[in-house]
Chemist: 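Okay, here's the structure, questions in a sec.
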There are 2 protein chains.
Amino acid sequence: MQPLSFKERVLIFLAERGGFTNSLKMTTPILSKYLGTSQQSASRLLITLEREGLLERRIVGRTTYVKITPIGVARLRDLYISLKTIFERPVNIVLEGRVFTGLGEGAYYMSQPGYVKQMEEKLGYTPYPGTLNLSLLSRDSIENRLLLQKLAFIEIQGFKDGLRTFGNVKIIPATINENIKGGIIFAERSHYDNSVIELISHVRLRDELNLKDGSLVKVSVEIPSNNFFENFRVKPVIYSPPP
Amino acid sequence: MQPLSFKERVLIFLAERGGFTNSLKMTTPILSKYLGTSQQSASRLLITLEREGLLERRIVGRTTYVKITPIGVARLRDLYISLKTIFERPVNIVLEGRVFTGLGEGAYYMSQPGYVKQMEEKLGYTPYPGTLNLSLLSRDSIENRLLLQKLAFIEIQGFKDGLRTFGNVKIIPATINENIKGGIIFAERSHYDNSVIELISHVRLRDELNLKDGSLVKVSVEIPSNNFFENFRVKPVIYSPPP
DNA sequence: ATTACTATTTCCCGAGTAA
DNA sequence: TTTACTCGGGAAATAGTAA
């Protein structure tokens, strides 16, 4: 697959070389090399783009100069703006799941002073001593859970209390049912699998949101775009060689 | 002209609707409407994009859900980055011209205390009492001159001294022959046409750069990208309707 | 409703080549 | 060397239609 249509690649190629303000010396064999196409197609491209008003050719002696027109600049700019709005707005990640009753481990862990003290410090509130378990519904939710676990930036250190060891825990702030502030808590070694999340809050969520086992709960987490898209680095596609 | 290839437009269409993190309900008639293509082509597009690993389809009951894959996200991100580097670096505008001798008006105006006082204030230096006239060489230079005149942000107010009226003047800082700091000065009502610029500096440029009539001079002005691209607002191309 | 196959048409690409 | 024409083959888009 060509990652882009040839027309845009020509405009980007020229723009990278200052074709917004300068007429650039350009031959069809050179352009065709860069695009990986034939000389004939490069020639046709320039002709078509000129007819469409996106660039302007001027022949001086035996050399051709090419410059992007204001319409061409605007065209590329529109594309840029539409991508910018996509990539620079915060990403809202939503998990949906149903409430279920666990074995009480949540309450046990959330009562350990070794955890609570750190949470008060790092969350700014005293968490209710218990967690709300959600069984995630969709594959999207499960995939997003894994991502959120990576992105959870509030780290609570584990500790020993003589009898037993309490592992590290990570938390990411979240909004529950578009309403209550809280967080998703990820235990380093959880007794649950990837299809489950545990929620914490300053209140008892079951009471506050009137939840019973089986109730549908929506958890949303806002991620700064940078943190999100960082996770999608693949070897880059070269649109045109460096200027 | 399709401003973009269909494939990118599908990815952008989905991305605008949260297709990075959520599986979106999608039918080929709806997609085809947005793309302005046939239902059959929309169908083929989804099939092809899935084969290429850029998106993922899941059929649940009789509805199809579509989600962008990490490879698809990376693809779009690469395009975004290459446009970002184009549109967010400062734009360097270059004018080239040859030195010529004027009728001495430059020196006359640049000796008026009504101008000089303001210039000292706004430029931070005392300009040499004279200007260097350049006759611009290329159409690019002449076009860019017009743009720079619009962008010139240092405004010197005109005044009357009883005998006569001195008009408003605008200046934009520039670098002359990659070396000397100075500015291009635009008189509101110049006795020269668009193919001429007048340069000012804290020194006498003819001496400093060893110039004679006919010498080639290169003047460059760095414009913040925003200020530059603002001038290219045309009615936007709709890549896909707002989410 | 959908999706997507097959057939037809249209359009695009590149070889050959002229200027 | 260039640019860019014509033309033949193939890819891609649409029409028709089945499931």
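Note that these values count all heavy atoms, side chains included, but never hydrogens, waters or copies made by symmetry. Chain letters run A, B, ... following the sequence lines, proteins first and then strands; every chain starts at 1.
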Chemist: Please report the shortest heavy-atom distance between B/Ser38 and B/Ser32, naming the atom on each side.
Modeler: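 B/Ser38 and B/Ser32 have their closest heavy atoms at O-CB, 3.3 Å.
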Chemist: Give a yes/no answer on whether the side chain of B/Arg44 brings an N or O atom under 4.0 Å of OP1 or OP2 in D/dA13.
Modeler: yes
Chemist: If I take atom CG in residue A/Leu46 and atom P in nucleotide D/dA4, what distance separates them, rounded to the nearest angstrom?
Modeler: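 Interatomic distance, CG of A/Leu46 to P of D/dA4: 8 Å.
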Chemist: Check the distance between D/dA19's P and B/Arg62's CZ and give it to me in whole angstrom.
Modeler: 17 Å
Chemist: Examine D/dA4: is either OP1 or OP2 under 4.0 Å from a nitrogen or oxygen in the side chain of A/Arg57? Give yes or no.
Modeler: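 True: A/Arg57 side-chain N/O within range (under 4.0 Å) of D/dA4 OP1/OP2.
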Chemist: Whole angstrom is fine here: how far is it from CZ in B/Phe6 over to P in D/dA13?
Modeler: 6 Å
Chemist: Which part of the nucleic acid, if any, lies within reach of A/Thr27 when heavy atoms closer than 4.0 Å are counted: base, sugar-phosphate only, or nothing?
Modeler: sugar-phosphate
Chemist: Any base atoms under 4.0 Å from B/Thr63, or only sugar-phosphate, or nothing? Heavy atoms, all strands.
Modeler: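 Touches nothing.
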Chemist: Hey, is the side chain of B/Thr37 poking within less than 4.0 Å of OP1 or OP2 on D/dA13, counting only N and O atoms?
Modeler: no
Chemist: In terms of relative ring orientation, are A/Tyr80 and B/Tyr80 parallel, tilted or perpendicular, with 30° and 60° separating the classes?
Modeler: parallel
Chemist: Rounded to whole Å, please give me the gap between CG in A/Leu49 and P in D/dT3.
Modeler: 15 Å
Chemist: Are A/Ser38 and C/dC13 close enough that a side-chain N or O sits under 4.0 Å from OP1 or OP2?
Modeler: no
Chemist: Is any side-chain heavy atom of B/Asn133 closer than 4.5 Å to a side-chain heavy atom of B/Thr131?
Modeler: yes
Chemist: Which one, D/dT2, C/dC5, D/dA4, comes nearest to the side chain of A/Gln40?
Modeler: D/dA4
Chemist: Using whole Å, what does the distance between atom C1' of nucleotide D/dA4 and atom CD1 of A/Ile59 come to?
Modeler: 11 Å
Chemist: Within 45° of the six-membered ring axis of B/Tyr34 and under 6.0 Å from that ring's centre, is NZ or CZ of B/Arg17 located there?
Modeler: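 B/Arg17 over B/Tyr34 ring: yes.
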Chemist: Nearest whole Å is fine: how far is C/dA1 P from B/Lys33 NZ?
Modeler: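 Going from B/Lys33 (NZ) to C/dA1 (P), I get 10 Å.
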Chemist: Can you identify which nucleotide, out of C/dC5, D/dA4, D/dT3, has its nearest atom closest to the A/Ile47 side chain?
Modeler: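 The answer is D/dA4.
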Chemist: Which of parallel (below 30°), tilted (30 to 60°) and perpendicular (above 60°) describes A/Phe87 and A/Phe229?
Modeler: tilted
Chemist: Could you check how far CG of B/Leu35 sits from C1' of D/dA12, rounded to whole Å?
Modeler: 15 Å
Chemist: Which nucleotide, C/dT3, D/dT2, D/dT14, lies nearest any side-chain atom of B/Ser41?
Modeler: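 Nearest to the side chain of B/Ser41 among the choices is D/dT14.
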Chemist: Just how far, in rounded Å, is C1' of C/dA15 from CD of A/Gln39?
Modeler: 11 Å
